[in-house]
Amino acid sequence: MNITGITGDAFKDWIIAIMGNIFIVILVVRSVGYYLRKEWGELVGHILVAVVVAAIVYFPDQFVTFLKGLWTLFTGQG
C-alpha cells in the first residue's frame, strides 16, 4: 500500500463543508425567527455572517485570494 501523497486535504474539506453547512442552517433558522419578530438589524447581521461562511465553505481558494488582496490593499505589501 502506497501512502505517499496522502495529505488529509480531502478529509479537511469534507469536515469544513459539513460544519459550514450546519452553521448556515443554524443561521437560516435564527434569521427566520428574526424576520418573524421583525428584528431587522439582527436579520441583516445574520445574513452577512451567512454570506461570509458560505464563501469560506464553498469557495475557500477564492476567499483566501480575496483576503490576501485586502491585506495587500491595506498594507501596501506585494
Side-chain angles (χ1 to χ4, degrees):
M1 175 180 215
N2 185 3
I3 60 171
T4 304
I6 296 176
T7 62
D9 284 340
F11 181 70
K12 177 192 71 160
D13 293 341
W14 184 73
I15 293 296
I16 289 173
I18 289 176
M19 295 305 292
N21 286 331
I22 290 171
F23 192 68
I24 289 171
V25 167
I26 291 169
L27 287 174
V28 167
V29 169
R30 291 185 62 159
S31 293
V32 169
Y34 291 134
Y35 175 76
L36 293 175
R37 289 189 305 251
K38 298 189 185 320
E39 296 176 356
W40 305 117
E42 295 288 336
L43 176 63
V44 170
H46 269 72
I47 289 172
L48 293 175
V49 169
V51 167
V52 172
V53 170
I56 293 169
V57 171
Y58 296 114
F59 309 106
D61 297 331
Q62 293 86 346
F63 188 74
V64 169
T65 303
F66 173 72
L67 290 179
K68 287 180 182 178
L70 281 179
W71 181 257
T72 301
L73 178 68
F74 287 118
T75 63
Q77 298 175 353

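Here Y35 pairs with W40 under the ring pair (Phe, Tyr, Trp, His ring centres under 6.0 Å) rule; sequence neighbours left out. Every residue meeting the side chain to side chain contact (heavy atoms under 4.5 Å, CB included) condition with K68, not counting sequence neighbours, appears here in chain and number order: V64. Under the side chain to side chain contact (heavy atoms under 4.5 Å, CB included) criterion, A55 pairs with F63, sequence neighbours left out. Legend: residues meeting side chain to side chain contact (heavy atoms under 4.5 Å, CB included) with L48, ordered by chain and number and at least two apart, are V44. Judged as a side chain to side chain contact (heavy atoms under 4.5 Å, CB included), and not counting sequence neighbours, the contacts of Y58 are N21, I24, A54.
Tracing side-chain contacts under 4.5 Å through hydrophobic residues (I, L, V, M, F, W, Y), one reaches I22 starting from I15; they form part of the same cluster. Residues F74 and W71 do not share a hydrophobic cluster, defined by chaining ILVMFWY side chains whose heavy atoms lie under 4.5 Å apart. The hydrophobic cluster containing F23 does not contain I18, counting ILVMFWY residues as joined when their side-chain heavy atoms lie under 4.5 angstrom apart, directly or transitively. When the side chains of ILVMFWY residues are joined at heavy-atom separations under 4.5 Å, either directly or via intervening members, V28 and V49 end up in a single hydrophobic cluster.
We find the CG-CG distance between L27 and L43 to be 11.0 Å, quoted to the nearest 0.5 Å. A distance of 13.0 Å separates CZ in F59 from OG1 in T65, rounded to the nearest 0.5 Å.
Of all the heavy atoms in G20 and V57, the pair that sits closest is CA-CG2, 3.4 Å.
Pairs passing the salt bridge (Lys or Arg N to Asp or Glu O under 4.0 Å) check and including a residue from residues 14-37, sequence neighbours excluded, read R37-E39.
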